[in-house]
Amino acid sequence: SQAAVSGDRIVWRDSRNGNYDIYLYDVTATQERAICTVLRSQWYPDIDGSRIVWQDDRFGSGFIQKNDLFMYDLVADAESIVTMAGGFQMYPAISGTRIVWHDTRGTNPPNVYMYDLAAPGEVVIWQDPGAQYSPDISGDRIVCLDDRTGYRNVRLYDLTTQTERAVTNTTGYKESVRICGDLIVWDENGNGNWDIYLYDLSTEAETRITSHASEQKTPAVSQAAIVWVDYRTDPDGDIYLYDLTTGQTVPLVTDEHAQT
């Protein structure tokens, strides 16, 4: 998915101008506004509070992409550069003053970097010989997909203790991981199709959320619910929700067009 939400604010990539731009909708104010509409494409936005980050190709040329990271502060009404390092900086996520992303600068394979607005300066979170993908952050915790074992697994880094650990150790392929507080969700193709899994750090328990014969992918999680793209009734994808309090799964958006 290329939409993100924080409180009453939703951000997404939008192609209405011929290339991808970043837009915001304020649910309380019932107002939409453009955040970034410069030339070339901006995508993979994330938001936390009043800060929006995204991947930006404005300095690319022709068919050559130049993926940098930018931020917009709604309170200051100002845009700023997060990083313009060599290589590609991609798939940013933000929590409070901390921004993490997938980075290919001079590294093969790629690593996860972090920038803290409260203590400016970039740091490498993982320097393992394996590759790290799809980072996400919640408070002091960072998750990513890591292939150091030869299989892509979920790993967790704690900024407070400066320690890391494996969350999964399976052979099933994984593409996306997200975290909110103690809750980590990911998609995994370990049973012949894609399913959604949950790990609760407070109980050290893993739960398989979906087991339908069709595919369920790209989850997101809050303290109340898990949502994902579900292909059980529509090959283009619908949005389903799992209520963490009731344990019930319900279709959320099932329009005839694609919801991803």
Side-chain angles (χ1 to χ4, degrees), residues 1-15 17 19-27 32-60 65-105 110-126 132-145 157 159 176-181 218-222 260:
S1 172
Q2 292 212 20
V5 61
S6 177
D8 58 1
R9 293 165 172 156
I10 305 165
V11 292
W12 68 95
R13 70 171 187 176
D14 195 301
S15 63
N17 300 314
N19 58 283
Y20 285 120
D21 298 313
I22 305 300
Y23 278 74
L24 173 141
Y25 186 83
D26 188 313
V27 175
E32 177 187 286
R33 60 174 290 193
I35 297 298
C36 182
T37 58
V38 299
L39 293 176
R40 297 179 69 90
S41 288
Q42 295 76 45
W43 56 98
Y44 294 107
D46 195 27
I47 182 171
D48 188 40
S50 63
R51 297 184 177 113
I52 304 164
V53 293
W54 65 88
Q55 179 178 322
D56 197 300
D57 184 38
R58 70 181 67 183
F59 296 121
Q65 289 188 353
K66 178 67 172 72
N67 290 310
D68 301 308
L69 300 184
F70 280 71
M71 183 185 80
Y72 190 87
D73 189 318
L74 293 166
V75 174
D77 194 24
E79 179 186 276
S80 59
I81 298 169
V82 176
T83 181
M84 290 181 58
F88 287 170
Q89 289 73 52
M90 306 166 70
Y91 317 127
I94 184 169
S95 178
T97 60
R98 293 164 172 157
I99 304 165
V100 295
W101 66 90
H102 166 109
D103 198 300
T104 68
R105 74 180 79 177
N111 298 127
V112 172
Y113 277 65
M114 182 185 78
Y115 184 90
D116 192 337
L117 298 167
E122 297 177 9
V123 295
V124 186
I125 299 301
W126 277 277
Q132 291 83 44
Y133 308 90
S134 187
D136 196 24
I137 183 169
S138 178
D140 294 332
R141 292 164 169 161
I142 302 171
V143 292
C144 77
L145 297 177
Y157 186 86
L159 291 165
S176 179
V177 60
R178 294 292 179 264
I179 183 170
C180 180
T218 56
V221 62
S222 72
T260 62

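- For the pair Ser134/His102, no side-chain contact is recorded, criterion being any heavy-atom separation below 4.5 Å from C-beta on.
- Residues Phe70 and Cys36 form no side-chain contact, since every pair of their non-hydrogen atoms from C-beta on lies 4.5 Å or further apart.
- Ser95 places a side-chain N or O within 3.5 Å of a backbone atom of Gly139 that can act as its donor or acceptor partner.
- Heavy atoms from other residues, nucleotides or ligands lying under 6.0 Å from OH of Tyr157 number more than 12.
- Within the 4.5 Å cutoff, the side chain of Ser50 has heavy atoms near those of the Arg9 side chain.
- We find the OH-CG distance between Tyr115 and Asp103 to be 14.5 Å, quoted to the nearest 0.5 Å.
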**OP:** Would you sort out whether Thr83 and Asp68 count as a side-chain contact (heavy atoms from CB on, under 4.5 Å), showing the intermediate values?
**Re:** CA-CA 6 Å; Thr83 181; Asp68 301 308; 5.8 Å; no
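- Taking the charged nitrogens against the carboxylate oxygens, Arg40 and Asp56 have no contact shorter than 4.0 Å, which rules out a salt bridge.
- The CG atom of Asp14 sits 14.5 Å away from the CH2 atom of Trp43 when rounded to the nearest 0.5 Å.
- For the salt bridge (charged side-chain N to carboxylate O under 4.0 Å, His left out) test, no residue two or more places apart in sequence or in another chain qualifies with Asp21.
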Original post:
Hey, mind stepping through Tyr20 and Asp57 against side-chain contact (heavy atoms from CB on, under 4.5 Å) and telling me if it holds?
Top reply: CA-CA 10 Å; Tyr20 285 120; Asp57 184 38; over 6 Å; no
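- Side-chain contact between Tyr113 and Gln89: absent, with no pair of heavy atoms (C-beta onward) separated by less than 4.5 Å.
- Contact annotation: the side chain of Ile10 approaches that of Val5 to within less than 4.5 Å [non-hydrogen atoms, C-beta and beyond].
- One finds the CH2 atom of Trp101 at 11.0 Å from the CD1 atom of Ile94 (value rounded to the nearest 0.5 Å).
- The aromatic rings of Tyr44 and Tyr91 stand perpendicular to each other, their planes meeting at an angle above 60°, with 30° marking the opposite boundary.
- Annotation: ring pair (Phe, Tyr, Trp, His ring centres under 6.0 Å) contacts of Tyr72 (sequence neighbours excluded): none.
- Inter-residue side-chain proximity for Leu39 and Asn19 is flagged as unmet; no heavy-atom pair is nearer than 4.5 Å.
- Each salt bridge (Lys or Arg N to Asp or Glu O under 4.0 Å) pair with one or both residues in residues 76-95, not counting sequence neighbours, appears once here: Arg33-Asp77, Arg58-Glu79.
- For the pairing with Arg98, the salt bridge (Lys or Arg N to Asp or Glu O under 4.0 Å) check across Asp140, Asp46, Asp48 returns one residue only, Asp140.
- For the atom pair OG (Ser138) and CG (Asp136), the distance works out to 7.5 Å, reported to the nearest 0.5 Å.
- Of the inter-residue distances, the one linking Ser6 atom OG with Leu74 atom CG reads 10.0 Å to the nearest 0.5 angstrom.
- Atom CG in Asn111 sits 10.5 Å away from atom CD1 in Ile125 (nearest 0.5 Å).
- Residues Gln55 and Asn67 have side chains that bring a donor and an acceptor to within less than 3.5 angstrom of each other.
- The main-chain N or O of Gln42 is never found under 3.5 Å from a side-chain atom of Arg13 such that the two would form a donor-acceptor pair.
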